[in-house]
Each structure stands twice: as structure tokens, then as C-alpha cells.
There are 4 protein chains.
Amino acid sequence: MTGITDDGHMDTPDGSTNTDPAGNAKREQILKGAGTIFLADGYEGASMSRIAQMAGVSKGTLYNHFDGKASLFSAFFEEQARCHLAPIEALSHGSEQSIRVTLIRFADMTVHLLISPMALGLHRIIVSEVEKFPHLADTFWRYGFGRTLSNLTEYLARSVTLGELEIADPSLSAEQFMLMCQARIIQHRRFGLPVDDSNAAIAEFAAFTADSFLKIYEPRHQ
Amino acid sequence: MTGITDDGHMDTPDGSTNTDPAGNAKREQILKGAGTIFLADGYEGASMSRIAQMAGVSKGTLYNHFDGKASLFSAFFEEQARCHLAPIEALSHGSEQSIRVTLIRFADMTVHLLISPMALGLHRIIVSEVEKFPHLADTFWRYGFGRTLSNLTEYLARSVTLGELEIADPSLSAEQFMLMCQARIIQHRRFGLPVDDSNAAIAEFAAFTADSFLKIYEPRHQ
Amino acid sequence: MTGITDDGHMDTPDGSTNTDPAGNAKREQILKGAGTIFLADGYEGASMSRIAQMAGVSKGTLYNHFDGKASLFSAFFEEQARCHLAPIEALSHGSEQSIRVTLIRFADMTVHLLISPMALGLHRIIVSEVEKFPHLADTFWRYGFGRTLSNLTEYLARSVTLGELEIADPSLSAEQFMLMCQARIIQHRRFGLPVDDSNAAIAEFAAFTADSFLKIYEPRHQ
Amino acid sequence: MTGITDDGHMDTPDGSTNTDPAGNAKREQILKGAGTIFLADGYEGASMSRIAQMAGVSKGTLYNHFDGKASLFSAFFEEQARCHLAPIEALSHGSEQSIRVTLIRFADMTVHLLISPMALGLHRIIVSEVEKFPHLADTFWRYGFGRTLSNLTEYLARSVTLGELEIADPSLSAEQFMLMCQARIIQHRRFGLPVDDSNAAIAEFAAFTADSFLKIYEPRHQ
DNA sequence: CATGAATGAGTTTTCATTCAT
DNA sequence: TATGAATGAAAACTCATTCAT
């Protein structure tokens, strides 16, 4: 509906020796410049001229590598989502760490990740362009939020199995926890409002959030 | 550098029947058309020509009533925020309703409000344009989120005074509750992802959220 | 050819008691505002809105008193030419003053007149708009330069009759003298170049010019 | 605030046959069209659309070659001043030609130059736009009037040295002579007034002007 | 006669896209 | 494949003029 024609890349999935390096180098160079502009100005506000200038290539080259502005935008978003929305994984288990420590670490990492300029920019772009580019949400979910959610859901489910938590719908609770992490600091940053985002403040907030969550789901020892 | 010059609207401080109705009628007509376009296309994507066309006036008339695109955008946002982000108030107290029922009602109203097309559109606009129009966040906070937050904070504080809840920082917990309300349904709708937003689903989610919150802050009777 | 339709004014040439005073007052008020704008911005650069604003009347009133921008411009120029390009007259004769003193006075007055902001502005307007409004030159010549030239020509002719000067073509020599007066100071001011236009500098230049002229045309006593 | 950014033109420092010719050809083509319009309508009266049409290029192309209307105007003026206001030089000396013949030739050339449509147009433009584009006067002075004035001043100074003229301030007298050349014919043409500008009339006027000048400054043999 | 809202053709300028080199 | 000049549609905004009140 929006005329997006994502140009396949996927050239040489194996390491065969062809011209890929050069071609991909230009491609990466363009995507890097496009990212700078798109994140700063949004989709509509970005101009192909400035992208070309920022990437250090001619305008024609843009159209040799991508089908147009929409296609370039999609490719940029795909790349950024893949690289910069790496899910928060490695939720260890067992005797190594208590659930509380794990959740605090998770909350802390989430806040740190989501207040990074890149994440704030991507969030802004998804929210503002999702109607024009519906697949943005899919990409975002696939690479970022969805995967993190899966990991957390799985962790909570295991905890339930181990009898450490009492959760009826781990997926819903996981989502709930991730939203709780976005109170105050992330929320304010997304709206451009001032807030204390020092490491100490984040750590304190992470502990508060994890403790709140545990109060909901920890078995109450009579 | 936003160059916003909000032109006052002078709604006949005295009750005299002067030319205001006509003037305000055109103004409202323009704002209505502008709203349609801005919500659909965002600030950058909207064009003054299409706004004029949608409002049924000439381009010149737009500029007779507003100083320019930015000014029209600000006026539109201010108006919509005032009308459509009315805070959720009237959190009753005392013997009338239990805290649980009150919080469920609050959550239910919040979800219903925030999945309305207007609220989704305004949210999209704030997030995407807050860097270019910093006062959007102020307006949004003043008319909408901030006031609701105040009301909820006050309600929680009173509940603490009455001994019904144990909350160290009512403002933080209020924010936490409002974020918890945004899990699942609102979150998915904002990202254009499919989700069950039937009244029944919302009611169930509201109860789940209120109960979660109470588990955190209800005094535990030994 | 330019669609100038000069609206007659000339209302009540005698002093009959009608509504003229009020009507003429508005007319003068408009012309005053128009003058400010036209002199500052030129014909094309001036806007009817700013003229109305400057004159303190509505735009509609402009069109009640004048047929349009071109007509208003013509009326403004006519008025200014009549009032501000008053010719340099009163070139006395006989035993009262020597020719040298008379010419010096003439040169001094010419320089002072032509470096006034009004005269510089009118000169600029004539030169730039004479192709679009051919009658500007006529008006200018009729009220200003032409009359002054006539006076000077007549003065020179009388001097020739009295045997004080030897001039074959007094009209040509009058024009020559007037041009000589425009060297240096006026010339520089018209081009926006810096120049000393103090009274002393003007007086010195006037004497230099008059003396030069006399060297051309004074009878050489063998 | 003129915002003029003159783009250099790089005429192939080496003699290689590259794409410059084409680039410069377009540039010249645009400047030619712009000149036609600017000279006819002035700066404010000219529209970029008509310039593009006259030059036979698209509006976009105008902006590929020049930064905007002001920049195009400046480039046009610079070029025309350089090409069409070439100073009157080669004032020979010595036994070759008498001063009288030299001055007559100078006056004749001056009149012929200054009544050319191009010179009249440039003069009109300088006078009307010098407030908006102060550098016009500098350019005009540098390429045209100023250089001619220097040449004439130098010539007069040498004549003084040779004892052929008696001039206290050669620069001032040179300016005086140039103004004397502008009486009658040039003056009338600038104001759109009818005048005999045949070669014969110009020749006669040149002789008259030179003779007048010499009467001022020639040593009077007792 | 004065007003000022409404108009629509006009302005300068930008931009995604194409294409010959 | 890389370039960048050329394009024309569309952007934001202005302006002289009209007309109902």
C-alpha cells in the first residue's frame, strides 16, 4: 500500500570471493549516512540530497543501490533494528543468581538501552511512521521488543516451574514488567522532559521496579 | 526556533452577539481540517494545500487565521489536547467504592481513552515532533498525562493516609500504575500490531492490572 | 499602456463648505503612508497591506480612494514631486549680488536639495520605474528639474543680455551647470558610496563648481 | 543581509577538454535569460519562473547553478559589469594627439557607451537596488566608473606635469568632466525623455563639452 | 464610506527521481 | 557502476484585489 519494495540483499550468504566487499561497503556507507539523517529529521524531513552528501556519494549512487527513498528507509530501519535493538538475553538461572538480582539487572539494562539516543530515535521513528510503513512494527518486534519479551517470558516460565514465582500468564506478566521499567525515566526522556538519568538513579529505579514485580508474583509464605 | 505565535481567540468576554461566531466558525473549520491531515500525515507530511482543501477554504485564508504551518500545528495540538486529553478525574473515595473497584475503573478508562484514534494520533505526533516543537510535551503534560497523574497521586496519598495502602512515593507509584495500564493493548495498538481490544478484554486486563498493583501496595495482614 | 488611471482629485477648487476636508484628510493620510513604503521598498517591493497598515486604514479603504496600486503610486509621486521637488528659484539679479555669488548659492542649494533622503528616494524611483510609468519623468520634469532648469536658463540668458556672460546656448549651459553640481557628492550618495557631505564640504564644492562654470563663460578681458 | 554566494566558475585551469564547456554553457544560457528579465523588470519585478522560461531551462536548473534569486542577480550584474562597463582606456598622449582631440574622443565614447541599452539598464539597476545590494556599487565602481575615472585622472595629471593643463585636483576635475558628459543626451535618455542621439549630435556635444572643459583648465596665455 | 475576511494566482524554493556520460 | 546536471511537480507563503457587511 505504501509502495515499499524492499530490495533483497543477502548476496553470497557463504563467503565466496566475489565483489561483495566493495558493493557492501558502499551499501553500508549509504546506510550509515541515511541513518544519521533519518534519525535526526524523520522520514519526511530527510532529503535524499542530504543523505547523499552525508554518505559521501552522489545522488545517482543512492538509486543504484536502493529503489528509492522508501526502500532506503526500510533498509536502514532493518539494519538498525538488527544491530541496535539486540534483545536483552542471558537471563541466568539456578543457583548463580537470585531472581531479584536477575530482574534488577534486566530492568537496569532495559533502562540503559532505551534511553540511548539510538533507541529513542528508533522508537520515535516507529511510532511516527508505522502507519506509512506497517512492516516497521514487525521488524521492531522481531529483532527487539519481541525477542526480549520471549526471553523474559521463558525465564519467568522456568521460575514458575521451579516454584519460585506464581504467574498465571508469563507472557502478559513479562510485558507488564517491561512496561513498569519504562515509568519515569524512559517515559520522560521520550517526551523530552527533564529527568535524572544518572546510573545511580537508574539503579535505584531498577531495584524499585524489580521489588514491585516480585511483590506481585512471589509466593507468599504464610 | 519554532516561531509559534499562538493567536488568542477572544471568545466574547461579554455576552454580546458580535462577529466572533463567524470568525470562530472559520477558525474551527480550519482546525478541523488541519486535524484530519496532521493526524493522518504528521507535521512534515501534511501540506497546507491539502489542509485548505480539506477545510474547504483557500490557502490564503489559512494564512489570514494562522501565522503559518507551525502556528496552525500548535493551535491544532493545543485545542485537541485540551478537548481530547481531558484527565481522568473524579476518583471517588470513602465508603462509596473500594480501592480495587476504583483502580479497575481507572485502568479501564485509561485503556479506552488511549486506544481512541485521537489519543493514538496525538501520542504519535508528540513523540515524533517533540524535538521540533518542545512545547508539545508541556501542553500534553499540562492537559493530559500530568493532570491525570496528579489526580491519581492524590488519590493514592489519601489511601495511604487512610491506612489502606502502603506507598513510599505515591507519585512514582502512580506513574508505575499508569504504565502498567499500557501493557499489551495500548502498546500493541501504538505499534500497529493486532490485539483484542474488545470491552471484555479491556475489562479483564483492567482487573488484572489493578490486582497486580494492589498486591504491591496493599498492607499484608500477617 | 500600464493601466494607470489617475483618479482626479481637484474636488472643490473653491472653498465651498462640503465634505472635502474629511475626504482629503483620509487621502493625505493614505498618501503619507504610501510614501513611506514606496520610498523604502520601491514600487514592486511595496505591498498594499503594509501601506494600509502604515497609513492606519483598512485595505478596502485604499481601494475606495485609489483605483489600485499603480494609481496610488502615481498619485503619491505626483504629490511628492509637487511638494518636495520645488524648483530652485529666486535667482536674483542686478546689483544685488554678483553672478558668482548667485551661482554658488544655486550650486549649494542644489547639492543640499538633492542629497536629502526624499530627493534621493524620488530619484531612485524615477530611474527604476520610468519604463513602467513613463509619466513619472514628465511629472518630475514639470515640477522639478525642468522648472529649475528654466529658471537657471532664464537667469543665464539675462546675464548674457547684460554682457556679463558669453553663452551661445543658455539652456544647454544651464543643464551643464546642473550636471557639474552633481559630481562627487550627489553622485556618490546616489551610489551609496561614502563621501563627505558636511556643510563646509558642500560650500567648497559649490564655489569650485561656480568658478569652473564662470571660467567657461565669463568674457575674457583681453 | 544579502546572502550572496558567488559560485566560482573554474574555467579549466588545464586545457583538458572536460565537461566545463557544457557546464559553463548552461551557466551562460541562464545568465543571458536572467539579464533579459532583470534589465526589463528590475530585481523585484523579475520572477524566477520567467527567467527559467526565457533561458529555456527548468526552474530547478536555476537553483542547481545559483543559490537563489539574489545570487543569480549578483552573478548577472558582476558579469555584465565586467563585460559591458569596460572602462574607457587608451588615452594616448604626447605628440600623437592633442588634448582636445583626446577629450573629444573620450566624451564621444562616454556618451555612446552610456546610452547603450545595457548601460542604461545597469545604471537603473544600480540606482534602484544599491540599498538592497550594497556591493553593486562596489562592482560598478571597480569595473566601470572607477576605472574610467582613474584613467582620466591619470591622463589629466600627466597633462598637468607637461604644463598643458592647470588643475589643482585632477581627480575632482576628472569626475567633473565625466558629469559634464552626462548633460543633455544621457540625462534625457535616463529619464525616458526624447532627445537627438544621432552620431552627429553626440559628436557636436562631445566637442562642446571638451571645449568647455579646456576653457576651465587650459593655461591662459597672457 | 470603512472594514477586513476571502480569494486564487502568484512568488521563491525544495525534492525525489531520471538519465546521458 | 558512479556521477551530477536536469527536471517538473509540489512545497510554504504572499499579494493585489473584491465584496458582503
Side-chain angles (χ1 to χ4, degrees), chain A residues 3 19 22-23 26 30 44-53 56-73, chain B residues 18-19 22-23 25-27 29-30 44-52 55-72, chain C residues 19 22-23 26-27 30 44-53 56-73, chain D residues 18-19 22-23 25-27 29-30 44-52 55-72:
Chain A
T19 62
K26 265 277 190 291
I30 292 172
E44 296 285 354
S47 93
M48 294 296 267
S49 292
R50 290 192 57 203
I51 289 173
Q53 192 179 2
V57 301
S58 73
K59 260 189 291 185
T61 301
L62 256 51
Y63 287 86
N64 286 336
H65 285 265
F66 299 92
D67 282 351
K69 192 183 182 183
S71 174
L72 175 55
F73 178 68
Chain B
N18 55 11
T19 60
K26 264 282 188 285
R27 192 179 198 272
Q29 185 182 341
I30 292 171
E44 297 283 357
S47 95
M48 294 297 266
S49 293
R50 289 191 58 205
I51 289 173
V57 300
S58 73
K59 249 185 299 182
T61 300
L62 254 52
Y63 288 88
N64 285 339
H65 286 264
F66 299 92
D67 281 350
K69 191 182 181 182
S71 176
L72 174 56
Chain C
T19 61
K26 264 277 190 288
R27 190 190 154 88
I30 292 171
E44 296 284 355
S47 92
M48 294 295 266
S49 292
R50 288 192 58 205
I51 289 173
Q53 193 180 1
V57 301
S58 74
K59 259 188 290 184
T61 302
L62 256 51
Y63 287 86
N64 285 336
H65 285 264
F66 299 92
D67 280 351
K69 192 182 180 182
S71 174
L72 174 57
F73 178 68
Chain D
N18 56 10
T19 59
K26 263 283 187 286
R27 191 177 199 274
Q29 185 181 342
I30 293 171
E44 297 282 357
S47 94
M48 294 296 266
S49 294
R50 290 191 56 206
I51 290 173
V57 300
S58 72
K59 254 184 293 185
T61 300
L62 255 50
Y63 287 88
N64 285 340
H65 286 264
F66 299 92
D67 281 350
K69 192 182 180 183
S71 176
L72 175 55

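A note on names: the letters A, B, ... follow the listed sequences, proteins ahead of strands, and every chain is numbered from 1. Computation of the quantities below employed the complete heavy-atom set of this structure, encompassing side-chain atoms and omitting hydrogens, waters and symmetry-equivalent molecules.
- Side-chain nitrogen and oxygen atoms of A:H65 include none within less than 4.0 Å of the OP1 or OP2 phosphate oxygen of F:dT1.
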Under 3.5 Å for both distances, Watson-Crick or G-U wobble, that's the pair rule; now give the dot-bracket for DNA chain F, with | marking pairs to another strand and [ ] for crossing ones.
.||||||||||||||||||||
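- The side-chain hydrogen bond (donor to acceptor under 3.5 Å, both in side chains) search around C:S49 returns C:K59, not counting sequence neighbours.
- Distance alone, capped at 3.5 Å, places no donor-acceptor pair between the D:E44 side chain and the C:G45 backbone.
- With rounding to whole Å, A:I51 atom CD1 is found 17 Å from E:dT14 atom P.
- Interatomic distance, CG of B:L62 versus CG of B:D67, reported as 12.0 Å (0.5 Å rounding).
- The CG atom of D:L72 lies 9.0 Å from the CZ atom of D:R27; values are rounded to the nearest 0.5 Å.
- Atom-to-atom, CZ of D:R27 to C1' of F:dG4 comes out at 17 Å; the value is rounded to the nearest Å.
- One finds the CD1 atom of A:I51 at 10.0 Å from the CZ atom of A:F66 (value rounded to the nearest 0.5 Å).
- For A:K26 (side chain) and A:T61 (main-chain N/O), no donor-acceptor pair under 3.5 Å exists by modelled atom type.
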For nucleotides 15-21 of chain F, give me one character per nucleotide, 5' to 3': B if any protein heavy atom sits under 4.0 Å from the base, S if the only such contacts are to the sugar-phosphate, - if neither.
-BBB---
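- Under 4.0 angstrom from either OP1 or OP2 of F:dT7 there lies at least one side-chain N or O belonging to D:T61.
- Rounded to an integer number of Å, the gap from CD1 of A:I30 to C1' of F:dT1 is 11 Å.
- Nearest-nucleotide positions on DNA chain E for B:L62 and D:R50 put B:L62 closer to the 5' end.
- Using a 4.0 Å cut-off, some side-chain N or O of C:S58 falls inside it from OP1 or OP2 of E:dT3.
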